[in-house]
Amino acid sequence: MVVWTILLSCFSYPITATIIGLSGVPSTPVNIALKIVYSLFYVFLFVQIVVFNFPKITFQGLFLFIFFVIYSLRLVSDISFNGIRFIGGNSSYVYSYFFGATLIPSFVILVSRAFLDEKLLLKHLFYILLIANLSMIFFTLKQSEGDIIKMLSYRVEIESEFSAEGGNLLNPIIISFFGASLSILSINLFLFFKNYNKFLLAFCVVLGIANLAFGASRGPFYSFFVLILATFAYKNFQTKFQISRLLKSISIFFLVSIVIYISLSLLIEIDELTIVKRITIGQELQEFGQEEYRNFAYQYAFQDFLEHPLLGNHFVGSYDQTYPHNVMIEVLMATGIVGGIFYFTAFLSFMVRFFYVFKSDNRELFIIFLICILTISLSLTSGSIFVNPESWILFSLALTIKIDKKA
C-alpha cells in the first residue's frame with residue numbers, strides 16, 4: 001500500500017486532471033478532496049507502521065525532519081502571529097498544502113523503510129507514467145483539434161472553464177516534467193531490462209519526448225539531457241567502464257536526437273518550436289544584460305536572507321509576497337543558516353546515497369533515483385517548500401529506501 005500511495009500522490013495528477021477536464025466538473029473541490037484522501041492514506045499507513053513495525057527514521061531522514069520542524073515554526077509564526085500573507089492563496093491554502101500534503105506524507109515515508117519495495121515501485125511507476133502521458137496527449141490533441149504544428153509552436157497547457165486559475169488544469173511545466181519522466185524511465189528500462197516489450201518502450205520514449213516538447217519547459221528539458229548522460233555513464237560503469245563505449249552511447253543518443261530534429265524540421269521551422277524560442281530568448285536576454293522575472297525573485301529572496309542570515313526573514317519574499325521559484329534559496333530566505341544546515345545536510349546525504357546507488361548493480365534503485373533527481377531539480381527552477389509536495393515525498397523516499405553501501 002505504501003508504493004501505491006506514493007504513486008497516486010506524486011504521479012496521478014495528469015490522469016485526474018484529464019478526467020476532470022473531460023467530465024466538466026469543478027476542479028478545485030475535486031483536487032481538494034483528492035489531497036484529503038491521499039493525506040488520510042498516509043495517516044493510515046503511519047498507524048499500520050506503528051502496529052506492525054516500530055517507526056524508525058534514518059540518520060539522513062532525521063535532518064530533513066528537523067528542517068520541517070524549523071520551517072513549520074516559521075510558517076505558523078509568519079501567518080498566525082505576524083500577519084504575513086502569500087499572494088497566491090490564503091492561510092488555509094498554505095497550511096493544508098504544507099502540513100496536509102507535504103509534511104505528513106514526507107514524515108510517513110521517512111519512517112516506512114521496511115515497507116518500501118523498489119521493484120514493485122518501478123513496475124507500477126512505468127504504467128502510471130504511461131497512462132499519465134497518454135491522458136495528457138489525448139487531451140491536448142482534442143483541445144487543439146489535432147493540430148500538431150500548433151501544439152509545437154506554443155506552450156501547451158490543459159484548460160477547462162471549470163478549473164481554477166483562469167482555466168488552467170495542467171500547466172506546461174507539469175506536461176514537460178511528466179514527458180521527461182516517461183522518456184527517462186523507458187530508456188533505462190530498454191537498456192537494463194529484457195522483460196519489457198521493446199516496441200512499447202520505444203513508443204513511450206517518443207510519447208514522452210512529444211510531451212516534453214509540447215510543454216516547452218526549460219527545466220525538465222535540460223534535466224532530461226543530463227540524466228540521459230548519467231544513464232549512459234551508469235550503463236558503461238556496469239559493463240566494465242570504457243571511455244570508447246561511453247562515447248559510442250553518447251554518439252548514438254545524439255544521432256537519434258538529430259533524426260528527431262530533422263523529422264521536426266519537415267513539419268515546422270525549427271525556430272518556431274516553442275522550446276527553441278524559449279532557450280534562444282533566455283540566451284539573448286543574458287547577452288544584452290537583461291533578466292527574467294525569476295532572476296529578480298532569486299536576487300531579492302537572497303537579499304532577504306542576507307538581511308536576516310541566522311533565522312531567515314519570512315516564508316515568502318518581501319519583493320513579491322511569493323516564493324522565489326528555487327527551493328534552496330527559499331530555504332535560506334525562510335529559515336536562514338539554522339534551517340539551511342539541516343536541509344543542506346539532508347541534500348548532501350541524498351547525493352552521497354546516489355553515489356552508492358551508482359556504484360551498485362541495483363538498477364531498479366538507480367532508475368528510481370533518476371526520477372527523484374528529476375523531481376527535485378524541478379523544485380530548483382519552479383518549485384517551493386509548501387506547494388510542491390511531490391518533490392519532498394520523493395526526497396524523503398530517496399533518504400529512506402535501503403541501499404547497498406558495500407558496493
Side-chain angles (χ1 to χ4, degrees), residues 1-13 35 38-50 53-72 75 96-118 120-122 124-125 177 181 327-328 330-331 335 339-357 364-380 383-403:
M1 186 173 177
V2 175
V3 168
W4 272 110
T5 304
I6 293 173
L7 292 174
L8 289 174
S9 60
C10 295
F11 298 103
S12 67
Y13 183 66
K35 282 182 170 53
Y38 296 150
S39 297
L40 291 175
F41 275 158
Y42 279 107
V43 172
F44 175 77
L45 286 176
F46 181 71
V47 173
Q48 186 182 36
I49 291 168
V50 171
N53 190 69
F54 186 78
K56 297 178 182 179
I57 190 168
T58 64
F59 182 70
Q60 299 91 340
L62 182 61
F63 281 95
L64 182 60
F65 178 69
I66 294 174
F67 165 73
F68 279 139
V69 172
I70 294 172
Y71 183 77
S72 300
L75 212 58
S96 61
Y97 252 93
F98 178 70
F99 290 103
T102 302
L103 179 58
I104 291 175
S106 296
F107 175 71
V108 173
I109 298 301
L110 288 173
V111 298
S112 63
R113 173 176 251 192
F115 295 85
L116 295 172
D117 182 342
E118 68 267 19
L120 185 65
L121 179 61
L122 182 63
H124 294 308
L125 175 61
F177 165 76
S181 298
V327 164
M328 290 187 175
E330 185 179 358
V331 165
T335 63
I341 288 173
F342 293 98
Y343 170 79
F344 287 108
T345 302
F347 188 83
L348 179 61
S349 299
F350 164 74
M351 298 305 297
V352 171
R353 287 172 70 85
F354 178 63
F355 172 74
Y356 282 118
V357 170
E364 290 92 351
L365 201 52
F366 172 74
I367 299 173
I368 289 171
F369 261 76
L370 288 186
I371 301 301
C372 290
I373 291 172
L374 178 64
T375 309
I376 293 170
S377 68
L378 191 65
S379 71
L380 301 179
S384 170
I385 298 174
F386 62 91
V387 297
N388 290 98
E390 301 84 4
S391 66
W392 295 100
I393 293 171
L394 294 181
F395 190 16
S396 301
L397 172 69
L399 292 176
T400 304
I401 199 165
K402 293 178 181 178
I403 62 174

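These numbers come from a predicted model, not from an experiment.
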Approximate separation, where rounding is to 0.5 Å, of I367 CD1 and C372 SG: 12.0 Å

Spatial distance of atom CD1 (I373) from atom CG (L394) [nearest 0.5 Å]: 11.5 Å

Which atom of L103 lies closest to which atom of S72, heavy atoms considered: CD2-OG, 3.9 Å

Y42 and S106 side chains, donor-acceptor separation under 3.5 Å: no

Separation between CZ of F98 and CG of N388, rounded to the nearest 0.5 Å: 12.5 Å

Side-chain donor or acceptor of W392 paired with backbone N/O of I385 under 3.5 Å: yes

Centroid-centroid distance, Y343 to F67, less than 6.0 Å: yes

F342 ring center near F68 ring center (under 6.0 Å): no

Closest non-hydrogen atom pair between G340 and T335, with its separation: N-OG1, 3.8 Å

Residue pair Y71 / F386, side-chain heavy-atom distance below 4.5 Å: yes

Whether R113 side chain and K56 backbone form a donor-acceptor pair below 3.5 Å: no

Aromatic ring pairing F350/F347, orientation class (parallel under 30°, perpendicular over 60°, tilted between): tilted

Heavy-atom closest contact (S9 atom, I6 atom, distance): OG-O, 3.2 Å

Nearest heavy-atom neighbours spanning D117 and V3: O-CG2, 4.0 Å

Distance, nearest 0.5 Å, that separates CD1 of I109 from CG of L397: 6.5 Å

Test item: T58 side-chain N/O and G61 main-chain N/O as donor-acceptor pair under 3.5 Å: yes

Heavy-atom check, side chain of V2 versus side chain of L116, under 4.5 Å: yes

Distance-only side-chain donor-acceptor flag, Y97 / S384, under 3.5 Å: no

Minimum heavy-atom distance between Q60 and A346, given as atom pair plus value: O-CB, 4.2 Å

Parallel, tilted or perpendicular, as decided by the 30° and 60° cut-offs, for the rings of F65 and F107: tilted

Residue F41 excluded, over 12 heavy atoms near CZ under 6.0 Å: no

Any L45 side-chain heavy atom under 4.5 Å of S112 side chain: no

L64 side chain near S396 side chain, heavy-atom distance below 4.5 Å: yes

Side-chain donor/acceptor of R353 to backbone N/O of F369, under 3.5 Å: no

Close side-chain approach of L378 and S391, heavy atoms under 4.5 Å: no

Heavy-atom check, side chain of V352 versus side chain of S349, under 4.5 Å: no

Residue pair S12, L7: steps toward the side-chain contact (heavy atoms from CB on, under 4.5 Å) verdict: CA-CA 7 Å; S12 67; L7 292 174; over 6 Å; no

F99 backbone acceptor or donor facing T102 side chain under 3.5 Å: no

Distance in Å, S39 OG paired with I104 CD1, rounded so as to fall on 0.5 Å steps: 5.5 Å

Rounded distance (nearest 0.5 Å) linking atom OG1 of T375 with atom CD of E390: 8.0 Å

Non-hydrogen side-chain atoms of L125 and F11 separated by less than 4.5 Å: yes

Flag side-chain contact, heavy atom, 4.5 Å: I376 against S379: yes

C10 to I393 - nearest heavy-atom pair and separation: SG-CG2, 3.7 Å

